[in-house]
Every structure is written in C-alpha cells, then in structure tokens.
Number of protein chains: 2
Amino acid sequence: MNKVTDDLHHASQDCGSCPIRHRAVCARCDSDELERLEEIKYYRSFEAGQTVIWSGDRMDFVGSVVSGIASLTQTMEDGRTQMVGLLLPSDFVGRPGRLSAAYDVVATTDLVMCCFRKKPFEAMMLETPHIAQRLLEMTLDELDAAREWMLVLGRKTAREKIASLLSIIARRDASLKLNGTQGPLVFDLPLTREAMADYLGLTLETVSRQMSALKRDGVIRLEGKRHVTIPDFTRLMTEAGDDNDGGMMA
Amino acid sequence: MNKVTDDLHHASQDCGSCPIRHRAVCARCDSDELERLEEIKYYRSFEAGQTVIWSGDRMDFVGSVVSGIASLTQTMEDGRTQMVGLLLPSDFVGRPGRLSAAYDVVATTDLVMCCFRKKPFEAMMLETPHIAQRLLEMTLDELDAAREWMLVLGRKTAREKIASLLSIIARRDASLKLNGTQGPLVFDLPLTREAMADYLGLTLETVSRQMSALKRDGVIRLEGKRHVTIPDFTRLMTEAGDDNDGGMMA
DNA sequence: GGGCCTCCTTGACCCAGATCAAGCGCGAAT
DNA sequence: ATTCGCGCTTGATCTGGGTCAAGGAGGCCC
C-alpha cells in the first residue's frame, strides 16, 4: 500500500465524504448528501513544495485537506512574502462566487486534498442550507484567527511571535490527536525556519535565534531541528503574551 | 431634523431594510423577506468613542453600519492594542453560532447601526439560503482583506504602511461616493494618528513623521490634520508597494 | 568514505522605527 | 482674552530585529 493509497484509506476512515470537516466535526451530513458529494469528488495529491494554486489562477474547485499541510502566502513584486494562513488536515479552501484566488497555496509537506468541482458544489450549497451555514461558521472562525494573527504581526516581539506560533501548532496538533493538554506536549514542527519567518513577519535568522533563546530558557526542548517538547504549556502561553485565551488557525 | 433622524432618513433611502448591504449591492431581497426583517430590526446610535461591544460580551444581535465608522480592536493585557478591522457604512458585524465577541468594537465617529436580534435573524437565515450565501461571500471578502492586511503588517515599511492605509481609505471613500477614480481624490481621514498607528502596528509618532514625509514628497497634500488630497493615485499605490491590484476593507 | 546539497546556527554590525521629551495649534470652556 | 486640553509635530536618542557573513549538521548520492 503506497503513501497516497494509505492516505486515502485514512481519509475514508476519518473524514468520510463530508466535504466540510471530518465526520466527527460535522455530524449533519445525511446519506443523500453524501451520495451526491461522492459523485462530484475526486482526490489530488501534491509533493512537498508543489504549488497547489497560483494567486490569480482560475479556481475551478473547492476542497479540503485530507493529509499534509499547505500554506497560503502573499508575495510582493520585490519578493517579500507573508504567509497568511496554514491549511491543516480538515481545513477547507476555495470560495464560491469568485473566480480567481487571492494568494498562493503551496504544499508544505506531501499533501492530499479532497476536491469538488465548483459548479456542482455551489449548486448543492444553494439547495442544502446547512452546508452554507457550516461553511459560514468555518469562514468566521478563520476570520477570527486571521484577526488574532494581525495582533501577533502588529504588536508582538520576536520572542512572543515564536511562542505564539508554537502554542498554536501545539494546540492544533494536540486536538488532532485528541490528547488532552495535560502533560508535556510533543510534536514535530511542520515548518522550516524560513516558513516560520514568513508566517511571523521575521527573518529566518531571528527565528533561529529566538528558538535558541527559548530553548536556553527552558521554555521548549529541541531534539534535532524539528522535534519539539513543551514541558509547561502555561509558561509558553505567558511567553506568547496571551495569558488567558487561545488562538486558532486557518 | 437632528443628526440621528437625518441618518435614519439617509438609511431608508440608501440601505432600505436589507440587513446585508445597501440595496444597490444586494438586489436579491424580495418584499416578503424585507417585511420579516422589518419586524425584528431596530436602530442604535453611538457617540464617537463609545464602545459598541466589549470582547467577551454576549452578542445578542447582529447588524450593519448605517453611518459613521467603527473599529475592531484587540488588546493585550499590558495595553498594546491592534486594530483588526474597520467597519464602514454597509459593513456587517456579528456572527451566527458563537455567543461571545472576539474583539472590541468601538465607535470611531458618531455611529448609527441597524441591528437585528440574533435568534430570529438566524432562524431567517436557515430558511432563506441566499442570505447565508451572501453573508458567506461578504465574510470571505473580509477574510481576503484581513489576509491582505497581514502582508501589510508583516512585511511593509512604515511609509508603505501609511500609503496602503491611505489608498484603502481613499478607494473605499471613492466607491461610497460612486465617483470614478479619475482626478485627484479628496477626503477627510476618519482616524486620528493614534488610530492609524493602531491599525498599522506603528507608534503615532512614526505615523506623524511618515505623513509629513509623504506630504513633503508631494504624494499627498494635507489641509489641517485630516483633510487629504491625493493628486496621483497611481503614485500612492507605488508608494504602498502594490503596483497592480487593490485591497478591500473589513 | 567523500562531496555536496539544504537547512540551520551564531556572530558582528547597522538601521528603521520605538521611546522619551518638548512644544505647537486650535477649539472649547471660563 | 486667557487658559486648558487634546491631537499633532518634531527632535534626540536608543534598541530590537534586519543584514551580511561565516560556519555546522545531517542527509543523500556517487
């Protein structure tokens, strides 16, 4: 069983045919809808580094991530880039109504997406209000996440930025694994230092320095470059400058 | 006729009862829906500086701005604040599903809002798919705008940030007035230097300095502190670092 | 094993923008 | 008319993070 097949197998267990989220999250799909969605869906896989969508491309599909990670980035003419969102498994991408994408979508790791051709998907959305409803809620969540990220970009120091990113990834990772948050959190960073820098509005050197500093101060432990252990999540949150509430992702 | 009455008059001309946008924008409301919306709507007015919603407040209404400007801001414990969006006339605020607001909404100028109690509005949304549809599109637009702003916050210089903000306000202002963009654009800044700084992730001193610099370099003209003339919009766009496309607001 | 990637770390220096501080302009209150 | 206060401007100085530069650590292919 190769990688892609394995992913599809995994997908059929976890995500079923629900276009919106894992079945566990979206319990409202009835079998008629699933059948109709089945007819218009297909899978696409990408290698790490491959571009899924160029900004300005005609978007003739919508879909959700089955496995792997993709990033949304905006680029200026002179090459400065800013990552504006992360797509983790179960995240949705694409929009009704507009033809062209506003930003690049790039596979950060090997990636499998579950896609739906746009026209039939839109038609279905008009007939089944709760899909539009669910999509609206997800989009509002992403909007909140994007706005929270604006606070990170606009007002936080480099150290706080790193801590914010780590806490978001850790939280998201923990929720995918359905662990509670008790005990030390352990995960692999899905991003290179450069990608982290692009997300945080920093340079990769600064990311590296601050990671070293957080390690030196015992806020995180690092094995190799990617494997992270967070002994005390509360401590990390304090470092991130959010002493109470948490953030989400897009 | 006092200010508020005048605003309501203006509203009934421009915005009708459409909860979503000005009638000109949303042509899909039929009279049945308008009548039902009429039953659940009410107006609220606020003075400049008043808080419309505290973050964490129970949100028992949704609504749109009739006149005036409000800002969405997030605040850290130590007082650092970041504006994460602007609400201009016709913009919608509030969300189905979630009870508490994620950020403060503060009236920047005197403000009139057209509100709908949440429960009946949600009920109506479930029955009339195209309202949910329209709301979804608007939310996606705001998401795109928020993400574009992330590029501004993360990667642009102070001068570029100021130019970006001015170009957004100018564009938005021009579209409200239904002017074309030919000829010099003239408008009043609806924000103090401090509010601009909060939006741009800068200090008010830097905002002031860069405004002076743009004035000195002939990119803008200033009469008093607020009245701005933009002789050459293309020039402003170049200063902002977006040489081709444009941004939107939330 | 050795060469050669790519990703990461660390150091030295510099500069854009923050911070601290002084003062201006103008409308409102007395 | 004077004073007050707020929003803004401008100057002087400081500093966090950018920039430039020099390696280090795996991983992979020959």
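Everything numeric in this text was worked out from a predicted model, so none of it was measured. Sequence lines set the chain letters: A, B, ... in the order given, protein chains first and strands last, and positions in each chain run from 1.
Tested against A:L87, the residues A:L111, A:V106, A:V93 include a single side chain to side chain contact (heavy atoms under 4.5 Å, CB included) partner, A:V93.
For A:R44, the CZ atom sits in a packed shell: over 12 heavy atoms of surrounding residues, nucleotides or ligands are nearer than 6.0 Å. Within 6.0 Å of atom CD in B:E194, 12 or fewer heavy atoms from other residues, nucleotides or ligands are found, so the atom counts as exposed in its surroundings.
Considering only side-chain N and O atoms, B:T203 lies under 4.0 angstrom from the phosphate OP1 or OP2 of C:dA18. Residue B:S208 places no side-chain N or O under 4.0 Å from the OP1 or OP2 atom of D:dG7. Side-chain N/O atoms of B:R193 include none lying less than 4.0 angstrom from OP1 or OP2 on D:dC6.
No contact: A:G49 has no heavy atom under 4.0 Å from any strand. Nucleic acid contact class of B:R159 (heavy atoms, under 4.0 Å, all strands): none.
For the pair A:G201 and A:K225, both in contact range of DNA chain D, the more 5′-proximal nearest nucleotide belongs to A:G201. Along DNA chain C, the nucleotide closest to B:Q210 and the one closest to B:E205 are compared, and the more 5′ of them pairs with B:Q210.
What separates NZ of B:K161 from C1' of C:dA16 is a distance of 11 Å, to the nearest Å. Atom CZ of A:R209 and atom P of C:dG11 are 9 Å apart (whole Å). When the C1' atom of D:dG18 is taken as reference, atom CG of A:D198 falls 14 Å away, rounded to whole Å. Atom CE of A:M211 and atom P of C:dC8 are 9 Å apart (whole Å). When rounded to the nearest whole Å, the span between CZ of B:R155 and C1' of D:dG17 equals 12 Å. Atom C1' of nucleotide D:dG7 and atom CG of B:L191 are separated by 14 Å, given to the nearest angstrom. Here D:dT19 presents its C1' atom at 11 Å from CG of A:L204, a figure rounded to the nearest Å. Put simply, CE on A:M196 is 13 Å from C1' on C:dC7, counting in whole angstrom units.
Residues B:T229 and B:F187 are not in side-chain contact: their nearest non-hydrogen atoms beyond the backbone lie 4.5 Å or more apart.
For the residue pair A:T203/A:T206, the side-chain donor-acceptor check at 3.5 Å is satisfied.
Taking only side-chain atoms of B:L202, from C-beta outward, the nucleotide of C:dA18, D:dT9, D:dC8 with the closest atom is C:dA18.
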